[in-house]
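One structure below.
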2 protein chains.
Amino acid sequence: MRLSRYFLPVLKENPADAQIVSHRLMLRAGMIKQSAAGIYSWLPLGYKVLKNIENIVHEEQAKAGHIAMQMPTIQSADLWRESGRYDAFGDEMLRIKDRHDRDMLFTPTAEELITDIFRGAVNSYKDLPLTMYQIQWKFRDERRPRFGVMRGREFYMKDGYNFDLTKEDALHAYNRHLVSYLRTYERMGLQAIPMRADSGAMGGDDTHEFLVLAETGESEVFYDSAVTDLTFGDREIDYDSVEDCAAIMTEFTTKYARTDETHDEALFNEVPEERRRTARGIEVGQIFYFGTKYSESMNATVQGPDGKPALVHMGSHGIGVSRLLGAIIEASHDEKGIIWPEGVTPFHVGIVNLKQGDDEADAACQSLYDAITALGLEPLYDDRNERAGGKFATMDLIGLPWRITVGPRGLKNGVVELTSRKTGESEEMPPEQAVARIAAIYQS
Amino acid sequence: MRLSRYFLPVLKENPADAQIVSHRLMLRAGMIKQSAAGIYSWLPLGYKVLKNIENIVHEEQAKAGHIAMQMPTIQSADLWRESGRYDAFGDEMLRIKDRHDRDMLFTPTAEELITDIFRGAVNSYKDLPLTMYQIQWKFRDERRPRFGVMRGREFYMKDGYNFDLTKEDALHAYNRHLVSYLRTYERMGLQAIPMRADSGAMGGDDTHEFLVLAETGESEVFYDSAVTDLTFGDREIDYDSVEDCAAIMTEFTTKYARTDETHDEALFNEVPEERRRTARGIEVGQIFYFGTKYSESMNATVQGPDGKPALVHMGSHGIGVSRLLGAIIEASHDEKGIIWPEGVTPFHVGIVNLKQGDDEADAACQSLYDAITALGLEPLYDDRNERAGGKFATMDLIGLPWRITVGPRGLKNGVVELTSRKTGESEEMPPEQAVARIAAIYQS
């Protein structure tokens, strides 16, 4: 993309009403624009990152054998009355009357509808296990939306639902989700720690939240510092293996890590003192096993191996897709702006032309642009007639991990400059070598 | 995907309330499920096709230089009051009050919001031309939703908006959209004919609708049969060239083709009689040029080359993404079910195992599955313990363009059977040759 043809309305000033750094930087980098309290438009740069995150979620869900579908945003109130949650949900549910005066709502989550789909189509235990998920816009009418996309009213969420014959099978689904979520977050450059949490309004026995440590986190968390040494890395996993998934669950959830809701001071004190940590965390996902809560209230049964009807065991599993942009920025920025992890960056590399209009510099930039595009990567070429200082400031603000700087002086010596956004280190090299370096960095 | 692990709730019976064939087939093939009047869940098979169509739209918009972003579904009523459309839209607008009793709505289209984004960020003619678009869920509270996804209430739409300094520039944007839409529909295996239409509630001077001819179409259309001979094909086009885009516009819109709203009997009678056609059509897209209608009411100006403020010229351009599934099926089916064009098919090829549990047949199917997957294609392998007849009926119903049938008898002779869904013709060949044929068919 050439910047002269893009829509990137960066702001020079810090927006007055943005309290946390991710909100400020998303506004300043022209990623989002508020249209109403807690409701945002995703401008082109923000939209690209949102889609990158969505794609990673889809890819990891597919690997785990979970099936993508999509439910509508507007639902009838009837199913919610059946489960008993229509009244229970309170003012956070956006309630709507349609032109025929029927009670509708903008869905905040979809246990009811997916259970209805399931019970209408699946009759036998032979069709289990089944896990379906969607990535879809949700609405929660927060009383006081704040922190940009971190606590908006309209938000983009992955919500998945498993249906299993037995508790044991459902706990395997639970573990499978934990594993797939660990991989998902790591691909985004995030460490998200599974912590024992409270099931709250969802009901259910087992639940873990995934928290990214950050000063601006809404939750207070308590953990054994050894949990931050755990990484999933590039291990291969057989998602069908109950043992393999359970082993990962054990590895990642045995050490103490809890939110304030479930914090247990006595247990925490058993952690060696030098490893006890208190911090703040941003919740970026949650997994639940809630047994037969919904299958009972909504009568979702299958014929079991014994020929008798059996209530299915269920769980639900969420990733805050739009919220993740905020969480990633909270975890990865400096005073100049965002620092995108390579897995989610909106453009793979920035090209800065120090002297737009200089024939040699223009040609060199164009040839870098073409070579990088030919690799299947997307460069953002700042081809505007601006001073170098302004171009650097924009690139630093929007946070592309790599920048190639091209100027007449360097070209005389046959070199361009490759700069890491993270370390700030620059290295001169021939253009072809810069392209090769970029290719190697993004080779997956 | 193995069918035993998929969620494909096909129906044997024709649903009683579905009046048109696409609605019937989408329900029977387990692609959608109604959750409320005119509101559908997209089950896995339907969701896959929806995403394929969405991807084609994105790819063609990118080629035309249009920039993707996304606006929220819920908007404040304020902007709609500013443009004067809050009252004008009538009962089709889903109006909502949030918990603080503010007037909100589920957006049916987004001229107001995109114009607000534009005027808040763009100040100079130097930042033009600019075209941004989104693919997002919309809601129109139809009095009588019907025909499945063809006239639903919640629907998925691509809506694009161009901002230009002059009428001439805006008409180039109009032509550019026409060209990109022609390519888009052809990639989906559809002939969509641009017809002069009425601008209706959108206002504006110029507008074309794209119509797919089908008996079940809602609009009556009149055309010179010569328009059905026009195809865009694989021509290369320079979207920046005003002349090239205008030439395509002329080529595709000069011959008589109009909806009943703009039909002119006298003009129609100038078409040679043997080429005059009356038929029905399904609208799958529309392009508008409406000049300064919104920029005036919302005061969207840029500084012109003369230093004075100039109202921008705008247009908007829509593709009915969810509706296209219905249109494609209306145009491509037989008495057995859907016949997907290769460009949008949910799976590239079906594999039918005639004797599940037979070691040789199972191994041959698995090796076909692996070979096709290795090509980057997606097979659907019917690995259920069902009779051949049931498996064939399911494959015919869901409409995959190609099927490979594997059975012990064929394998003894070293062959499998490759069958075209469209022609019904089968050919025996060694498994490797079937894989090579599939590879060649989908090579792009």
Side-chain angles (χ1 to χ4, degrees), chain A residues 1 4-7 9 30 33 35-37 39-48 50-51 65 67-76 78-79 91-92 94-100 102 104 106 113-114 116-118 120-122 126-127 129-130 132 134 136-137 139 141-143 153-154, chain B residues 1 4-7 9 30 33 35-37 39-48 50-51 65 67-76 78-79 91-92 94-100 102 104 106 113-114 116-118 120-122 126-127 129-130 132 134 136-137 139 141-143 153-154:
Chain A
M1 179 59 67
S4 64
R5 305 188 77 161
Y6 202 51
F7 182 72
K33 187 183 180 204
S35 73
I39 302 180
Y40 292 88
S41 291
W42 293 81
L43 305 184
L45 193 75
Y47 179 72
K48 273 183 89 76
L50 188 70
K51 288 289 129 179
I67 301 171
M69 48 89 74
Q70 199 167 49
M71 290 173 273
T73 64
I74 301 294
Q75 300 183 0
S76 158
D78 295 346
L79 286 174
D91 284 344
E92 281 198 7
L94 189 67
R95 292 159 208 266
I96 304 169
K97 282 197 186 288
D98 72 5
R99 68 190 287 166
H100 299 297
R102 282 176 294 221
M104 313 291 285
F106 198 122
L113 187 49
I114 194 88
D116 184 56
I117 290 168
F118 176 86
V122 178
K126 290 179 191 161
D127 294 326
L130 177 66
M132 291 196 283
Q134 66 172 346
Q136 177 61 300
W137 292 97
F139 202 95
D141 202 358
E142 301 266 357
R143 175 190 297 275
R153 292 198 289 171
E154 184 166 329
Chain B
M1 179 60 66
S4 64
R5 306 189 75 161
Y6 201 51
F7 182 73
K33 184 178 184 211
S35 72
I39 302 180
Y40 293 87
S41 291
W42 294 81
L43 305 185
L45 193 76
Y47 179 73
K48 273 182 88 77
L50 188 71
K51 288 289 131 178
I67 301 169
M69 47 90 74
Q70 200 166 46
M71 289 173 275
T73 64
I74 301 295
Q75 299 183 0
S76 157
D78 296 344
L79 286 173
D91 283 344
E92 281 198 7
L94 189 68
R95 292 160 210 265
I96 303 168
K97 283 197 185 289
D98 72 6
R99 68 189 288 166
H100 299 296
R102 281 175 297 220
M104 313 291 287
F106 198 122
L113 186 50
I114 193 90
D116 183 56
I117 290 167
F118 176 85
V122 178
K126 290 179 190 161
D127 295 325
L130 177 66
M132 290 196 283
Q134 67 173 345
Q136 177 61 301
W137 292 98
F139 203 96
D141 202 358
E142 301 267 356
R143 175 189 298 275
R153 293 198 290 171
E154 185 167 330

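So you know, we letter chains A, B, ... as the sequences are listed, proteins then strands, and number each from 1.
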Counting only heavy atoms closer than 4.5 Å, note whether [X] contacts chain A via side chain, backbone, both or neither.
| X | value |
| --- | --- |
| B:Ile96 | side chain |
| B:Asp116 | both |
| B:Leu113 | side chain |
| B:Lys97 | backbone |
| B:Glu154 | side chain |
| B:Arg143 | both |
| B:Tyr6 | both |

Do you know which two heavy atoms are closest between [X] and [Y], and how far apart they sit?
| X | Y | answer |
| --- | --- | --- |
| A:Ile74 | B:Ile39 | O-CG2, 3.4 Å |
| A:Tyr40 | B:Pro72 | O-CD, 3.4 Å |
| B:Ile67 | A:Phe7 | CD1-N, 3.8 Å |

What residue in [options] has the most heavy-atom pairs under 4.5 Å with chain A?
| options | answer |
| --- | --- |
| B:Gln134, B:His100, B:Lys126, B:Arg99 | B:Arg99 |
| B:Ala121, B:Ala68, B:Ser35, B:Pro129 | B:Ala68 |
| B:Lys51, B:Gln136, B:Arg95 | B:Gln136 |
| B:Leu79, B:Asp98, B:Ile114 | B:Asp98 |

Self-check item: Residues A:Phe139, B:Thr73; criterion side-chain contact (heavy atoms from CB on, under 4.5 Å); working and verdict
Solution: CA-CA 10 Å; A:Phe139 202 95; B:Thr73 64; 5.7 Å; no
Exercise. Between chain B and each of A:Val122, A:Leu45, A:Ile117, count heavy-atom pairs under 4.5 Å; write down the option with the most.
Key: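 Heavy-atom pair counts peak at A:Ile117.
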Quiz item: If you count the non-hydrogen atoms of other residues, nucleotides and ligands that lie under 6.0 Å from CZ in A:Arg5, is the total more than 12?
Solution: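 Counting neighbours around CZ of A:Arg5, 12 or fewer heavy atoms of other residues, nucleotides or ligands fall under 6.0 Å, so no.
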Quiz item: If you measure from CD on B:Gln70 to CH2 on A:Trp137, what distance do you get to the nearest 0.5 Å?
Solution: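 So the gap between those two atoms works out to 5.5 Å.
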Quiz item: Got a second to check how far B:Leu43's CG is from A:Met71's CE, nearest 0.5 Å?
Solution: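 The CE atom of A:Met71 is 9.5 Å from CG of B:Leu43, to the nearest 0.5 Å.
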Practice problem: Report yes if the side chains of B:Leu94 and A:Met104 come closer than 4.5 Å at any heavy-atom pair, otherwise no. | Solution: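 Side chain of B:Leu94 against side chain of A:Met104, heavy atoms only: no contact under 4.5 Å found.
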